[in-house]
Colleague: 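The structure is given below, and queries will be raised subsequently.
Quick note: numbers below take in every heavy atom, side chains included, and nothing from hydrogens, waters or symmetry partners. On a predicted model such as this, the values are computed, not experimentally measured, just so you know. The chain is numbered in sequence order, starting from 1.
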Amino acid sequence: MTKAVTDVICPFCGTLCDDLEVTVSDDGKKILEVYNACAIGAEKFLHSQAKDRVTRPRMQQADGTYKEVSYDEAVEYTAQMLAGSKKPLMYGWSSTSCEAQSMGYQVAERVGAIIDNTATVCHGSSLLAIQDVGIPSCTLGEVKNRADTVIFWGCNPSHAHPRHMSRYSIFPRGMFMGKGQKSRKMIVVDPRNTDTAKMADVHLQLEQGRDYELLSALRVAIRGEPLPDVVAGIPKEKIYEAAELMKDARFGIIFFGMGVTQSLGKNHNIDIAIMLTKDMNEYTKFSIIAMRGHYNVTGSGAVMGWQFGFPFATDLSRGFARYNPGETTSNDLLRRDEVDSVFVIGSDPGAHFPISSVKKISRLPSVAVDPHITPTTDVCKLHVPVAFVGVEVGGCCYRMDNVPIESRKVVEPPEGMLTDTEFLTRVRDRVNQIKGA
């Protein structure tokens, strides 16, 4: 016999699709089928069943090979490393639960670490802009039910968030959008002709890195003021056309991604995108949402905000929380040789950081807490595999629109395997013993 687990949260991206159905064996130990998920989300569940999965901690040896160690030894190494460091970096947090994040931040406070999440290399500039000017936002449910004009700026949800358009933004029939896609206009702003752009009613194919100019031009165009013949590679007629589409909306939404946050201008791009949204509210209802990528990166910033007042790049090394992106962000710290150990959880900087930063991690005492074998686990001195959050253990997570959702446990983890919260709790208790608390 098999049984079906319904209303399962997908632990892949910030869309947090909550309509998955997973068929498991009658003993609750094996996943058989995953329904309603995208290909990436389904693989996230099925990968937990891999026969070659690492189920016990591994310590790197002098010759570069790995030797299996116990969880007790892994806890001891991690606690001694963090407690003995003058300035440890604790990075990641985006693919784990809010409960694990909260426990890890307690450890960071005790040892005087710098804590940083993956926003440092994706939507950190969005957070800086929101701190500057605020944000007129809404939930994805409101988009589904009300939005008749949808703008994707610097993002490609067809690939990065495969069910975003079918669940919330373009195709679903909402309360006031009874015809689904036929009820909506779609504008895509991207220098490439992506699969998302090919579906758009209007594709503004701007020149790379000139988002700020085009956003400024749209602010001018919606007021009917004169524009130069070409702005950011776009003829002014097409800009006026897009501006009229936006003004004709009953409810408009801008989704923006890393094409804006990590191109020339960075947080200033987001500043002016938010101000464009504010301007649009003089004519109609408009909102803006960041297309957050990692599963619970939004939650990691929220939990850090509750505990320390800052959403990323928080320096606790002086006994109180400091925040200065550019100084207290992970890559800057690594490249300046300012940290003496590295703890990574719920992310893979080995695959995404510059090679200069990855080399620094490989030379430092380091721990990677991750269910997978990744480029990061292969450069860290200790790899601690844990149960898959959202598959083998539940927990709170935040959708990209800042809505908290409780994920559920689907199957049992391998026998004897700790969850990340359990591992971090044991590390905290051992650090307290070492520190004499």
Colleague: State which residues pass ring pair (Phe, Tyr, Trp, His ring centres under 6.0 Å) with Y91; sequence neighbours excluded, sorted by chain then number.
Modeller: F353
Colleague: Without swapping roles, check the side chain of H352 against the backbone of S347 for a donor-acceptor pair under 3.5 Å.
Modeller: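 Side chain of H352 to backbone of S347: no pair is present.
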Colleague: In chain order, what residues pass the salt bridge (charged side-chain N to carboxylate O under 4.0 Å, His left out) check against D148, with sequence neighbours excluded?
Modeller: R250
Colleague: Can you give each donor-acceptor pair under 3.5 Å made by side-chain atoms of residues 296-304, sequence neighbours left out, with the distance rounded to 0.1 Å?
Modeller:
| unit_1 | atom_1 | unit_2 | atom_2 | d |
| --- | --- | --- | --- | --- |
| N296 | OD1 | G299 | N | 3.3 |
| N296 | OD1 | Y398 | N | 2.7 |
| N296 | ND2 | T96 | O | 2.9 |
| S300 | OG | N117 | ND2 | 3.1 |
| S300 | OG | V297 | O | 2.7 |

Colleague: Which heavy-atom pair separates V34 from A37 by the least distance, and what is that distance?
Modeller: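 In this case the closest contact between V34 and A37 is CG1-CB, 3.9 Å.
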Colleague: Could you pull out all residues at least two apart from E412 that satisfy salt bridge (charged side-chain N to carboxylate O under 4.0 Å, His left out)?
Modeller: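 E412: salt bridge (charged side-chain N to carboxylate O under 4.0 Å, His left out) contacts with K409.
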Colleague: Could you tell me if E99 and S102 have a donor-acceptor pair between their side chains, going purely by distance under 3.5 Å?
Modeller: no
Colleague: Can a salt bridge be assigned to the pair R163 and D19 using a cut-off of 4.0 Å between side-chain N and carboxylate O?
Modeller: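 Yes, R163 and D19 are salt-bridged.
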Colleague: Under the ring pair (Phe, Tyr, Trp, His ring centres under 6.0 Å) rule, collect the residues that match up with F12, sequence neighbours excluded.
Modeller: none
Colleague: Quick check: does any side chain N or O of S366 sit under 3.5 Å from a backbone N or O of S362, one acting as donor and the other as acceptor?
Modeller: no
Colleague: Would you say the side-chain atoms of S125 pair up with the backbone N or O of T261, donor to acceptor, closer than 3.5 Å?
Modeller: yes
Colleague: Is a side-chain donor-acceptor pair under 3.5 Å present for T377 with D370?
Modeller: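 No, T377 and D370 have no side-chain donor paired with an acceptor closer than 3.5 Å.
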Colleague: Looking at every non-hydrogen atom in both residues, tell me the closest pair between C138 and I289 and how far apart they are.
Modeller: O-CD1, 3.5 Å
Colleague: Can you tell me if D332 uses its side chain to pair, donor with acceptor, with the backbone of T328 under 3.5 Å?
Modeller: no
Colleague: With the threshold set at 4.0 Å, does a side-chain nitrogen-carboxylate oxygen contact exist between R426 and D429?
Modeller: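 Salt bridge absent between R426 and D429.
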Colleague: Taking only residues two or more places apart in sequence, or in another chain, which ones meet D348 in a salt bridge (charged side-chain N to carboxylate O under 4.0 Å, His left out)?
Modeller: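 Applying salt bridge (charged side-chain N to carboxylate O under 4.0 Å, His left out) to D348 gives none.
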Colleague: Identify the two heavy atoms, one from M417 and one from R56, that lie closest to each other, and give their separation to 0.1 Å.
Modeller: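 So the two residues come closest at N-NH1, 4.0 Å.
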Colleague: Can you spot which of Q61, H383, K381, Q60 makes a side-chain hydrogen bond (donor to acceptor under 3.5 Å, both in side chains) with Y66?
Modeller: Q60
Colleague: Answer yes or no: is there a donor N or O on one side and an acceptor on the other, between the side chain of H203 and the main chain of D190, under 3.5 Å?
Modeller: yes
Colleague: Mind checking what makes ring pair (Phe, Tyr, Trp, His ring centres under 6.0 Å) contact with H372, not counting sequence neighbours?
Modeller: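 With neighbours one apart ignored, the set is H47, F388.
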Colleague: Under the side chain to side chain donor-acceptor pair (under 3.5 Å) definition, can you give me all pairs with a residue in residues 1-18, not counting sequence neighbours?
Modeller: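 Applying side chain to side chain donor-acceptor pair (under 3.5 Å) to every pair that reaches into residues 1-18, excluding sequence neighbours, yields D18-R167.
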Colleague: Mind checking ring pair (Phe, Tyr, Trp, His ring centres under 6.0 Å) for F255 and listing every partner two or more places apart, or none if nothing turns up?
Modeller: F152, H164
Colleague: Could you work out, with salt bridge (charged side-chain N to carboxylate O under 4.0 Å, His left out) as the rule, every residue matching D315, not counting sequence neighbours?
Modeller: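 Salt bridge (charged side-chain N to carboxylate O under 4.0 Å, His left out) check on D315 returns R322.
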Colleague: Out of the candidates K29, R53, K44, only one should pair with E392 under the salt bridge (Lys or Arg N to Asp or Glu O under 4.0 Å) rule; please name it.
Modeller: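 Considering K29, R53, K44, a salt bridge (Lys or Arg N to Asp or Glu O under 4.0 Å) with E392 is found only for R53.
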Colleague: Test: ring pair (Phe, Tyr, Trp, His ring centres under 6.0 Å). Region: residues 291-332. Which pairs qualify, not counting sequence neighbours?
Modeller: F310-Y323, F312-Y323
Colleague: Provide the closest heavy-atom pair for S169 versus V150 in the form atom of the first, atom of the second, distance.
Modeller: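 Here S169 and V150 meet closest at O-CG2, 3.3 Å.
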Colleague: With side-chain contact (heavy atoms from CB on, under 4.5 Å) as the test, pick out the partner of V111 among V431, L316, V427.
Modeller: V431
Colleague: Under the ring pair (Phe, Tyr, Trp, His ring centres under 6.0 Å) definition, can you give me all pairs with a residue in residues 98-151, not counting sequence neighbours?
Modeller: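 Matches after skipping sequence neighbours: W93-Y105, H123-F256.
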